[in-house]
Amino acid sequence: MLSTLLSPVRGAEGRCRCTGYPRVVGKAAGVVLAGGRSTRMGTAKSELEWHGSTLLYRAAAVMARSVDGPVVVVAAPGQELPELPAGVEVVEDPVDGLGPMQGLAAGLAAVADRADVAFVCSTDLPFLHPAYVRRVLRALTDDIDVVLPVARGFRQPLAAAYQTRIAGLVAKLLAEGNQRPGMIFKHCDVTQLDDAALLADAAVAKYDPELDSVLNVNTPEDYRAARDREPPEVVVERFGALAKGGGHRPKVVRAATIGQAAEVVGLTLDRHVVAALNGDQVTKDGRLPLVAGDAVAFLSADAGG
Amino acid sequence: MAPGGFFGQALVVDVHAGHATGSRLTLDDQVLRAYLGGVGLGTWLMHRLAPPGVDPLAPQAPLAFVYSSLVGTPLTTSAKFAVVAKSPLTGLLTDALASSQFAISGKLTGHDAIVIRGRADELSVLLIDGDGPRLEPAPDFAGLSAADAETKAKERFGRGWRTAAIGPAGERGVRYATISHDGRHAGRGGLGAVLGAKNIKAVLVKAATKVGVADQAGVLAAAKDLRGRSFGPATAKYRELGTLANLLAFNAVSTLPTRNFTAATFAEAPRLAAEELHELRGVARNSCASCSIGCEHIYARKGGGSQRMEYENVFALGPLCGVSDPDDVFAASARCDELGIDTISAGGTIAWAMECVERGLIEEPWLRFGDGAALLRALDAIGSRAAGLGELLAEGSRRAAERVGHGSLDFAAQVKGLEMPGYEPRSLQSMALGLAVNARGADHNRSGAYEADLSGDVDRFHGGAAHVAAAVQTEDKAAVMDSMILCKFLRGVFDDPFTEWARLLALVTGWDLDADELRTAARRIVRAKRAFNLREGATAADDTLPVRMLETPIELGSGRTAALTADRLRSMVASYYEARGLDQDGRVSATDLADLFL
Ligand code: SF4
């Protein structure tokens, strides 16, 4: 059953003062599918370098900051994964070669007891933006099983939101030999979000106006083009002893990671310097990805006292 | 013979009517080594000298000025003294540190501690030198600020004396009155009210003797090394902007308590930020005696004069009360200093009252969040204990809420009666535990668990095992630093703190102690404080946070919310008890009690 949502989702949503992102409501998990054959790329997509870390690191980190529940990476049996951000869990597909349906089944099952809904994505979305993730998740109301974006002319089952309650259904379909995610939609209540519906969200319109969130990289050329893009514009603030000579005033820089942003303003994350992204978790991890509209605060690790 | 840096004795001064008598209490090596000095030794003295169940404002309640082996050495930041008593605000143990020459001269009266009991029959000053104590009537000191009392004492008794004094609020029994020396305050818990209840306006001390250290050359070399390290990056924040540097940073990470803890960010924070004020108003930097850091930043006030500003007074009299005009906050800080009241408790109590007014629970319509003039008016009412609002707020937020009722205790931001400092517990959950379990009440100096929350090493929104470990560790470190005594702003320069501190103490005292013994001493000091509180009627139910913190999530700048539930806090408290070797009701075991050398 498909219905297409063309207008903004209902309900008055509170918005964050610094980024304008809508607040996430309810417990949502993030699932990143890291398996897949990467045939045309010729090398595992999860291991592709991305501004000092990997594409998979980026995807998992973007997920972690977009949801308030667990983040799980689904790997193929025996697949060696590159390093992941702190707190991200790994589950293995029980069977190899069954494609994204298998990953979806394993991922939803892994979070079903801890989250009502999950945003599921593949590894190869180098511009996935939290505003997009939140927009899609917000459309997933109790009476709907799946929110399926139809962005840039294509259905995006691997940048979509699912009720974790359908984990059993996905496993059953798989057991019956159905390996295409399209089969799920035949058995579920699905809401589609077209470009206009996605862009009706102010944060998506502002920070991801081309819906690059769903742009995936399949070939070495795609990857190179993505990698060569200019990093996003972010706002950097420095505080205390790090802000000599008026340095505390917000400064707009281009940076793909927290580490790059630090470098641009002459800082290095270490024992004495930490960062906070949009007023959220404090971190020393310079590999954490930045997206357009982010505000990074650098502060002394010995703040307080 | 006493160990190096110690005299091996406390002076116990009994004040009766118009005179004071002194007696010596021997402090043997075992006790000094077990408690180190400062806050630790003060805790032991309270166990020994405070009658169980004593009213903190009764004549029999002792108040102790306590020094340590390091006081008077060239070790940077060591010129400090602890003031310890039973708190009129919490009814439990309170201890506060202040700095400078009163520490050195007080110790060189020939005592490791000076304990005062009794009550003078008129307002007096107490003088202590090598000849012991004497009481001088001082009715003309009535109503003076602590600073003016210090000046007057100098005029009357000569320049060789060092003075710790109370302001008018201490004379009037405001339950969060301070004791001050040289513009520095033993601020928390109402120690000024304890001294005021003894009718003593000021304590004057004069150095009369000397004390040697075990290894003079070693101490000098260590002092040189420590001084060098004190100029490094670990103290840069304190040197360059002072603690007020926290304000914008805390605002950026959604942990700046605002409008009585109803928000964790304050849109107008930049107006009060050190980074801005420094450019516009910074006039001078100052330091305590024997300090090479110099964290005191003094700002020019509009219309003349200057005011020392720190994070805690700006947070409490600024965002917490919704006040954003720096001149209002400067004026309110100056007023607290003149009256002799703790800025955190004053701001916290007034912010609670402002919310009561909003909710129609207190009929003082002028007392509004964001109104600087109202803030000053409320401070004056407190300082003079004016009938009605002044009397009510002079009691602190917990007692005031108990009187006002209607659920107002739920949003009185205090723990054990002590108003909360500027650390939002819902977005700093290691600190949440630290605030809940601390013996002194909601306190950021005896528990520095926020360090873990702001280190990037723990998830600050979801307290768990790592947060408990952090709370225990920082509490242990604070127990040693406050007892040996070194300023905690030096803490970042130590790579292996317990080992390095043990070495410093060994050089001064001659003890062959190591890091493990010091860790044991830290645990003992924390347990001794708890044991005192248990003796005075505290229970596990006191190790909690206000209902607001446990039932209302706080919005973060990112748009997410941070929530701390009663269940999560309870489970962290239970783990804390386990880590501290306490039983499930937070009680100290018989074996551990025996180790307290009481
Ligand atoms: S760092 Fe500041 S508080 Fe500490 S001793 Fe020095 S001046 Fe005093």
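FYI, side chains are in, hydrogens and waters are out, and symmetry mates aren't considered; it's all heavy atoms of this structure. Lettering follows sequence order; numbering is per chain, from 1.
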Chemist: Checking B/Ala442 now: which residues fulfil side chain to side chain contact (heavy atoms under 4.5 Å, CB included) with it, not counting sequence neighbours?
Modeler: B/Val415, B/Met420, B/Pro421, B/Leu435
Chemist: Given a strict heavy-atom distance threshold of 4.5 Å, which part of B/Glu276 is in contact with chain A: side chain, backbone, both, or neither?
Modeler: both
Chemist: If you count the non-hydrogen atoms of other residues, nucleotides and ligands that lie under 6.0 Å from CD in A/Glu89, is the total more than 12?
Modeler: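 It does: A/Glu89 CD has more than 12 such atoms within range.
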Chemist: Output the option from B/His278, B/Glu240, B/Glu275 having the highest count of non-hydrogen pairs under 4.5 Å with chain A.
Modeler: B/Glu275
Chemist: So, are B/Arg491 and B/Glu451 salt-bridged, with charged N and O less than 4.0 Å apart?
Modeler: yes
Chemist: A/Arg58 side chain to A/Leu128 main-chain N or O, any donor-acceptor pair under 3.5 Å?
Modeler: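 Yes, because the side chain of A/Arg58 sits within donor-acceptor range (under 3.5 Å) of the backbone of A/Leu128.
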Chemist: Which atoms of B/Leu248 come close to chain A, meaning under 4.5 Å heavy atom to heavy atom: side chain ones, backbone ones, both, or neither?
Modeler: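 Both backbone and side chain of B/Leu248 come within 4.5 Å of chain A.
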Chemist: Could you work out, with side chain to side chain contact (heavy atoms under 4.5 Å, CB included) as the rule, every residue matching B/Ser230, not counting sequence neighbours?
Modeler: B/Thr76, B/Ser292, B/Ile293, B/Leu490
Chemist: Can you tell me which portion of B/Asn251 sits under 4.5 Å from chain A's heavy atoms? Options are side chain, backbone, both or neither.
Modeler: neither
Chemist: Between B/Ala252 and chain A, which part of the residue has a heavy atom less than 4.5 Å away: side chain, backbone, both or neither?
Modeler: both
